[in-house]
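Scope of the values below: all heavy atoms of this structure, side chains included, with no hydrogens, waters or symmetry mates.
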Amino acid sequence: MMSVPKVGIISFYGSENENLDWYWKGIAQAHKELREFLEKNHVDVVDSTQFFSKGVHTETELNKISRKFVNEHVEAILIETYNVPPKALFLHAVLSLPVHFALYGSFNPSLKSALGLMRSGQFIWENLRNKQAITSHRFWGVGKYMIQWIRGMSALYHLRNDTFVVFSAQTDAFSEAEYKFILDNLGGSISVVPISLVLEAAESISNKQAENFLTLLKEKGLLNFLKGKTVLKDELLHQIKFLLAVKKWVNSSRMEAINVIGFDQSACEVLREQVFNIGFLSTFLPFPVGVKDSKTSFPIVGEVDETLLFSTALLSKISYPVSAFSGAVNIADYHFFLVSSPWGAPAYYAGGSLEENNILSNINIERDCETYRDVTPGFEVSSGEMTTANLAELPGGRYIMQIGEGWSREITPEMRQNIQWGKGWPRLAIDLGVRPYLLIQTLGSPFIALTMKRNANEIKAVCDQLQLPVMRLESEAAVKEFRDHFRTGRVI
C-alpha cells in the first residue's frame, strides 16, 4: 500500500577533514538543505546521520543502517558525496543497499562535493557490473527531477513487492512465458485465481446487500441509469453482486497489496455467459465509494496481455491513489485518437475528483454496445494534461516503453455522433501533437494506459532502472525515426 515516498539518506565519514570545523559546518548545512527539500516535497526521510552524526565509518555501522532501511521499508536511497568516500566501504554499501540508489552532491563551494560525486561514480563504473549500480543516477543539487526520480523508485519498489492478479477459467493452462517481462524485470508475484471463486461468492451476495450499495451510489449522485428507462434495477443488482464478490475476495485474500487485476480471455468469456460486466469493477472498486478502503485502490484490465498489465500498474503506482485509465483506440482522425475502455475506468476520470459527490452524477449506466445483454458504466473524460504509456514488445524478445505527454480534448457533438463501437464506455480524445496516422504506424499495441498528469519523467526513471529503452510519442521526428528504423531492422 503506497502513501508518500520514503527515502533513506546515507553519508560516509571523511577522515581527511576531521579537524576542519568549517568543513563539518558546510556538510551539516548541505545535509539540512537536502532533508528540508525532501520533506517540503512530501517525502519521508530515514536519515543515517541520526545514528552516525559524521557519517558511516565502519562495515558494522553500514550493516546497522542497512537493516534500518529494510525495517523502515525505504523505497530509494540517496548517497551524499560531500567528500570522497572510503572506496572499499563505499563499494560494499553500493552492493548491499536493499533498493535503488542515487548519488547526491551539493552546490556548496566550500565542500569537495563535485570531486566526491564524480569519484564515487568512477568507483561504481570501474568496479561494479550489477544492474542497480550501472543504472544509478547522479544528482548535482536538489530540484524537481529528484522528486520525480524518487516517485518513480517508489512506484518500482511497490511493483516488485505487490501482486499481479489474473482471473482465469483455465488456471491449469497458465504459462509463465506469457508474463516473462514482469517476472524477469520485477521478480514480481503473479497470482492466477480461478474465476469460479468470485462467481460462487456472487451467488452468496444477497439482494439486500446489493440494494444497500445501489442506494449508497444513488445518495452520492449516481442517477443517470434512469435515462430512457432501458436499464432495469435487477440488472444493476446483478452487476453489483459481482462487484461486491470481488471486493470481498480482495479483502479476504492474504495479499497485502495488488498492482492490477486482469481477466484473461477465458475468464471474460465466462463472465459474458453469466452476463457480468467488468466495467462495474473498474469504475466502483478502485474508487473509494462508501468505505475508504485503500486495499481496493488498483486498476482493472480485461482480456489483454502483460504489456498493458505492466503499463497500467506502473502508471497507477506513480499516480496513486488514482488508478490509471486504460483502453483501446477505436477512432482516429487527422488530429486525435478516441480511446474507449471496454472494461471500464475508475470513476475519478468522470470528474477529476476523489469525492463521490463531485463525479458520480457524470456517470451513465447504459446497455453495453457489444452484447446488449449486460449494462456498463460510461462517461467522457474532460480536457486536461495527460501522459500515456505503452510497453511494446519487439522482435527477439525485446521491449520498449512508448511515452507520450499531451492533452485530452473535449469530445465535440460532431465526434460523438460518429461513435458506435464503444458508445456507452468511458472514453476520451487524446492529442499528443503528432498526427494519428503516424502513431498508428508506430504504436506497439492498440491498447493505451494513461493518467491525467505529467508523469513522463517518473516513467523514464523507472525505465532507466530496468534498462528499458524509451521513445517519446509527442515528437513527430522521434516517431518517424522509430518507424523507419523498425522497418530496416535497426530499432534498439
Side-chain angles (χ1 to χ4, degrees), residues 178 180-182 185 260 262 299 301-316 318 324-343 345 381 385-409 411 415 419 421-422 425-456 458-460 462-463 466 468-492:
E178 296 178 16
K180 189 177 188 308
F181 178 87
I182 291 173
N185 289 277
V260 60
V301 174
E303 208 168 337
V304 290
D305 60 17
E306 69 163 345
T307 57
L308 187 61
L309 283 178
F310 174 79
S311 303
T312 305
L314 171 59
L315 280 178
S316 298
I318 289 172
F325 184 113
S326 63
V329 176
N330 63 349
I331 293 180
D333 78 356
Y334 192 76
H335 300 291
F336 69 91
F337 276 141
L338 189 72
V339 175
S340 299
S341 180
W343 46 81
V381 179
E385 293 181 331
M386 46 137 277
T387 302
T388 67
N390 252 39
L391 177 66
E393 184 174 3
L394 302 176
R398 298 171 297 167
Y399 294 85
I400 190 169
M401 179 62 80
Q402 299 176 316
I403 306 171
E405 284 189 336
W407 299 85
S408 67
R409 299 298 185 187
I411 297 177
M415 297 180 194
I419 300 173
W421 185 73
W425 299 341
R427 58 180 178 258
L428 79 163
I430 291 178
D431 179 2
L432 295 176
V434 172
R435 288 168 288 178
Y437 90 90
L438 285 173
L439 294 175
I440 285 174
Q441 300 175 57
T442 307
L443 285 172
S445 164
F447 300 109
I448 292 176
L450 61 93
T451 59
M452 300 301 290
K453 294 180 180 179
R454 299 286 175 151
N455 293 131
E458 289 90 333
I459 302 168
K460 176 68 164 54
V462 172
C463 293
L466 299 178
L468 177 63
V470 166
M471 72 161 293
R472 300 301 293 261
L473 295 173
E474 69 271 29
S475 165
E476 188 158 305
V479 168
K480 287 181 177 178
E481 182 181 30
F482 178 86
R483 178 198 63 186
D484 295 342
H485 281 195
F486 190 90
R487 287 172 174 171
T488 58
R490 291 181 289 134
V491 65
I492 63 170

Salt-bridge test for R472 and E405: reply yes if a basic N is under 4.0 Å from a carboxylate O, no otherwise.
->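 Looking at E405 together with R472, the answer is yes, because their closest N to O distance falls below 4.0 Å.
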
Contact check, side chains of [X] and [Y], non-hydrogen atoms, under 4.5 Å:
X	Y	answer
F482	I400	yes
E476	R435	yes
N390	T307	no
L428	L450	yes
Y399	L466	no
S326	L308	yes
V479	E474	no
L443	L473	yes

Does any N or O in the side chain of [X] come within less than 3.5 Å of the main-chain N or O of [Y], such that one atom is a donor and the other an acceptor?
X	Y	value
T387	N455	yes
T451	A324	no
S311	L391	yes

Measuring from R398:CZ to L468:CG, what's the distance to the nearest 0.5 Å?
->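 Here the interatomic distance stands at 12.5 Å.
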
Between CD1 of I448 and CD1 of I430, what distance do you get to the nearest 0.5 Å?
->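 Rounded to the nearest 0.5 Å, the CD1-CD1 separation comes to 4.5 Å.
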
Reference residue E385; test salt bridge (Lys or Arg N to Asp or Glu O under 4.0 Å); the match among K453, R409, R454 |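 Looking at K453, R409, R454, the match for E385 under the salt bridge (Lys or Arg N to Asp or Glu O under 4.0 Å) is R454.
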
Should the ring pair F310 and F181 be called parallel, tilted or perpendicular, given that the plane angle runs from 0 to 90° and is split at 30 and 60?
->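 Ring orientation, 0 to 90° scale: perpendicular.
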
